[in-house]
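Input: one structure, supplied below.
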Amino acid sequence: MSETLLQDLKARGLVAQMTSEDELEKHLADGSVTLYCGFDPTADSLHIGSLVPLLTLKRFQEYGHKPLALVGGATGLIGDPSFKAQERKLNDDSTVAGWVEKLKAQVSAFIDFEAGEKSAEVVNNLDWTQNVNVLSFLRDVGKHFSVNQMIAKESVKQRIDREGEGISFTEFTYMILQSYDFQQLNASHNCTLQIGGSDQWGNITGGTELTRRMNGNQVFGLTLPLITKSDGTKFGKTESGTIWLDANKTSPYAFYQFWLQTADADVYRFLKYFTFLPVAEIDALEKADAERQGRPEAQKVLAEEVTRLVHGESGLMAARRITDALFSGDTSELSEQDYAQIAQDGLPSSALKTGELSETPLTTLLSEAGMAPGGKQVKDALQRNAVIVNGQAHGVEDNMNAPQVFAVEKALYGKYFLVKLGKKKHHLFTLG
RNA sequence: GGUGAGGUUCCCGAGUGGCCAAAGGGAUCAGACUGUAAAUCUGACGCGCGAGCUUCGGUGGUUCGAAUCCACCCCUCACCA
């Protein structure tokens, strides 16, 4: 690799801010550096918002550095106030402890633990926080923080300035805890770099400062950009909610579809953020797409690359299998095995109880199957003939006609009904 | 503890006795056009196929009638102590 890591990161647009660029460049060139990134347990799975930092740890490792993934067993109990509009509810400690275990496993999938000197490690800040004595913490650590400076941080400013909001001492202290993590990791692992989202800048610089004061060492910080979408909506959410990394919460198929639906205006940027394809290759793809009329290739490349990174080759194959089946237009050509496979691969599916059909309107049936949040949406689709069962469109007149719509003789292979609501939502009903 | 401002349907936010299932915006969903993209236009958007049913922090009350008035309570925020 003739390019340096920092050059690559910059070319990808992955650097938001960093502490003293020249010195960091020199430091990284000097040899293997130990760096860390924290992930707080705020749910039982990470979502794609954490993907950029995770992949960045991996990028560092590929360039010969040693990544530490910190799981916030302690900080997760407090809650990071950075750029949060409101004070958050505290989660109880057994819940957080359970989440910590899940995150550990998830984070581990992205970095290499068998890489000699640069082997990754997972650490938990509860380990060095839980037995700290309040008084010594206040005297040894707290003394290094100026409340004036803390209040001035952009990340808490809106909470302090905004009419009608406030910040508890608990959340206000979060920054000190995170700073303490950096100082501890510097002492125990010779960790000299922290990376994180751009919202973490205040917390990270707090840590570099504390480490300098307590350990006398110069350490560095680098933040990654906030992922934005061209249409201004929040990245990582869809109609069905958050896109999680856990295959049980977001199936590889749904995950693949998420990336496939990326807007043209975002897709090349996302390729740089979320894949390991060389920047030159991405630029070439963009050029090729622009020259060719019609549908670009980029979304497909993005979906394949990211799905493979998160769910592996088998997850990707499953996602593609379903996608090909559902969007090729002609689902009647699918074999019986294909249907069995589709359900197993992650397409939402449910059993159909023939006995209850006469009592159940389609609106209830489909919304309860999870195809729509309420019967109203199904009704709306029915009025537009947008409900398609095994290739046949149905309108409102069939609403109370479930037994006919789902008549056994119409089932494919005697048991399957593939229902399509609108253009993108599919559900497989199985008799029995 | 005191003073002030607040708590409305996913979010923001109007509404101060009937015309309120509750303005407007956002988000979301469906349709048209497309390329499973964007933009645009159309429709939906408490629940219910429907008759209808249940909402405006909570509980009681006034009234023919309450999101709106009264009492008490809970919660949030700001400032002061």
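To find a chain, count down the sequence lines: A is the first, B the second, and so on, and within it residues start at 1.
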Check your understanding: Mind checking who B:G60 pairs with, Watson-Crick or G-U wobble, both distances under 3.5 Å?
Key ->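 Matched B:G60 with B:C70 under the 3.5 Å cut-off.
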
Point to revise | SB check A:Arg212 A:Glu209 (cutoff 4.0 Å) | key: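 So A:Arg212 pairs with A:Glu209 through a salt bridge.
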
**Study point:** Pairs satisfying salt bridge (Lys or Arg N to Asp or Glu O under 4.0 Å), at least one member in residues 126-146 of chain A, at least two apart
**Key:**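 Qualifying pairs: none.
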
Review point. With both distances under 3.5 angstrom, what nucleotide forms a Watson-Crick or G-U wobble pair with B:U34?
Key: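 None - no nucleotide pairs with B:U34, as no candidate has both distances under 3.5 Å.
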
Review point. Which residue, A:Leu316, A:Ile48, A:Leu260, forms the side chain to side chain contact (heavy atoms under 4.5 Å, CB included) with A:Phe255?
Key: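 With A:Phe255 as partner, side chain to side chain contact (heavy atoms under 4.5 Å, CB included) holds for just one option, A:Ile48.
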
Review point. Quick one: A:Glu359 CD to B:G50 P, roughly how many Å, whole number?
Key: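 Roughly 17 Å, once rounded to whole Å.
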
Show the distances under 3.5 angstrom between N or O atoms of the protein and N or O atoms of nucleotides 33-35 of chain B.
residue	atom	partner	partner atom	Å
B:C33	N4	A:Lys423	NZ	3.4
B:U34	O4	A:Lys423	NZ	2.3
B:G35	O6	A:Asp264	OD2	3.1
B:G35	N1	A:Asp264	OD1	3.2
B:G35	N1	A:Asp264	OD2	2.7
B:G35	N2	A:Asp264	OD1	2.8

Practice item. Classify the nucleic acid contact of A:Thr364 as base, sugar-phosphate or nothing, counting any heavy atom under 4.0 Å across all strands shown. Key: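 It contacts sugar-phosphate atoms only.
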
Check your understanding: A:Lys229 has an atom NZ; how far is it from atom C1' of B:A27, in whole Å?
Key ->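 Rounding to the nearest Å, NZ of A:Lys229 and C1' of B:A27 are 11 Å apart.
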
Only distances under 3.5 Å count here; give the side-chain donor-acceptor pairs of residues 277-284 of chain A to other protein atoms, sequence neighbours excluded, each with its distance to 0.1 Å.
residue	atom	partner	partner atom	Å
A:Asp283	OD1	A:Lys272	NZ	3.4

Point to revise | Stretch residues 398-405 of chain A: residues that reach within less than 4.0 Å of RNA chain B through a heavy atom | key: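 Residues of residues 398-405 of chain A that come under 4.0 Å of RNA chain B are, in numerical order, A:Asn399, A:Met400.
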
Review point. Given atom CH2 of A:Trp259 and atom P of B:A37, what is their separation to the nearest angstrom?
Key: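 Taking CH2 of A:Trp259 and P of B:A37, I get 17 Å after rounding.
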
Review point. How close or far is atom P of B:G43 from atom CG of A:Asn385, stated in whole angstroms?
Key: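 Rounding to the nearest Å, CG of A:Asn385 and P of B:G43 are 19 Å apart.
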
Practice item. Return the set of residues passing ring-ring contact (aromatic ring centres under 6.0 Å, His included) with A:Tyr253 (not counting sequence neighbours), or none when no residue passes. Key: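 None.
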
Practice item. Would you list the pairs meeting salt bridge (Lys or Arg N to Asp or Glu O under 4.0 Å) in which at least one residue belongs to residues 93-106 of chain A, sequence neighbours left out? Key: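 Every pair satisfying salt bridge (Lys or Arg N to Asp or Glu O under 4.0 Å) with a residue in residues 93-106 of chain A: A:Glu101-A:Lys104.
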
Exercise for review: Mind calculating the distance between CG (A:Leu366) and C1' (B:C49) to the nearest angstrom?
Suggested key: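 Atom-to-atom, A:Leu366 to B:C49, this comes out as 12 Å.
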
Point to revise | Sugar-phosphate, base or nothing in reach of A:Ala265, heavy atoms under 4.0 Å | key: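 Here A:Ala265 touches no strand at all.
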
Exercise for review: For the side chain of A:Phe327, starting at C-beta, report the closest nucleotide among B:A30, B:A38, B:U36.
Suggested key: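 In terms of side-chain proximity for A:Phe327, the closest of B:A30, B:A38, B:U36 is B:U36.
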
Check your understanding: Using purine N1 to pyrimidine N3 plus N6-O4 or O6-N4 for Watson-Crick, or N1-O2 and O6-N3 for G-U wobble, each under 3.5 Å, what pairs with B:G48?
Key ->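 Across all strands, not a single nucleotide pairs with B:G48.
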
Check your understanding: Start at the 5' end of RNA chain B and walk down; is the nucleotide closest to A:Tyr256 or to A:Leu421 reached first?
Key ->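 So the residue in question is A:Leu421.
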
Point to revise | For A:Lys58, all residues meeting salt bridge (Lys or Arg N to Asp or Glu O under 4.0 Å), sequence neighbours excluded | key: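 With neighbours one apart ignored, the set is empty.
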
Point to revise | Short side-chain N/O contact to B:C47 OP1/OP2 from A:Lys379, under 4.0 Å | key: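 Checking A:Lys379 against B:C47: no side-chain N or O falls below 4.0 Å of OP1 or OP2.
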
Check your understanding: Would A:Arg59 count as a cation-pi partner of A:Phe276, with NZ or CZ less than 6.0 Å from the six-membered ring centre and within 45° of the ring normal?
Key ->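 Geometry flag: set, cation within 6.0 Å and 45°.
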
Review point. Where along residues 368-378 of chain A does a heavy atom come under 4.0 Å from RNA chain B, residue by residue in number order?
Key: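 Output list: A:Gly375, A:Lys376, A:Gln377.
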
Practice item. Under a 3.5 Å limit for both distances, which nucleotide forms a Watson-Crick or G-U wobble pair with B:C77, could you say? Key: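 The answer is B:G4, by the H-bond criterion.
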
Practice item. Would you kindly give the CD-to-C1' distance between A:Glu397 and B:C49, to the nearest whole Å? Key: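 Nearest whole value for this atom pair: 12 Å.
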
Practice item. Report the residues that fulfil ring-ring contact (aromatic ring centres under 6.0 Å, His included) with A:Phe429, sequence neighbours left out, ordered by chain and then residue number. Key: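 Scan of A:Phe429 (ring-ring contact (aromatic ring centres under 6.0 Å, His included), adjacent residues dropped) gives A:Phe406, A:His427.
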
**Study point:** With A:Glu397 via salt bridge (Lys or Arg N to Asp or Glu O under 4.0 Å) - residues at least two apart
**Key:**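 Expected list: none.
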
Exercise for review: Write down the partner of B:G43 under the Watson-Crick or G-U wobble criteria, each distance required to be under 3.5 Å.
Suggested key: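 Paired with B:C29.
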
Practice item. Check the distance between B:A38's P and A:Arg269's CZ and give it to me in whole angstrom. Key: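 Result: 15 Å.
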
**Study point:** Separation between the C1' atoms of B:G65 and B:G50, rounded to whole Å
**Key:**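 My reading of the C1' atoms in B:G65 and B:G50 gives 27 Å.
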
**Study point:** A:Asp324 CG - B:U36 P separation (whole Å)
**Key:**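 My rounded result for the distance is 13 Å.
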
Exercise for review: Specify the residue among A:Asp380 and A:Ser230 whose closest nucleotide of RNA chain B lies further upstream toward the 5′ end.
Suggested key: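 In this pair, the answer is A:Ser230.
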
Show me the side-chain donor-acceptor pairs of residues 417-424 of chain A shorter than 3.5 Å, one per line, residues at least two apart or across chains.
none

Point to revise | Contacts of A:Lys10 that satisfy salt bridge (Lys or Arg N to Asp or Glu O under 4.0 Å) - sequence neighbours left out | key: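 Expected list: A:Glu21.
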
Point to revise | salt_bridge(A:Lys300, A:Glu297) N-O dist < 4.0 Å | key: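 Not counted as a salt bridge, because no side-chain N and carboxylate O are separated by less than 4.0 Å.
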
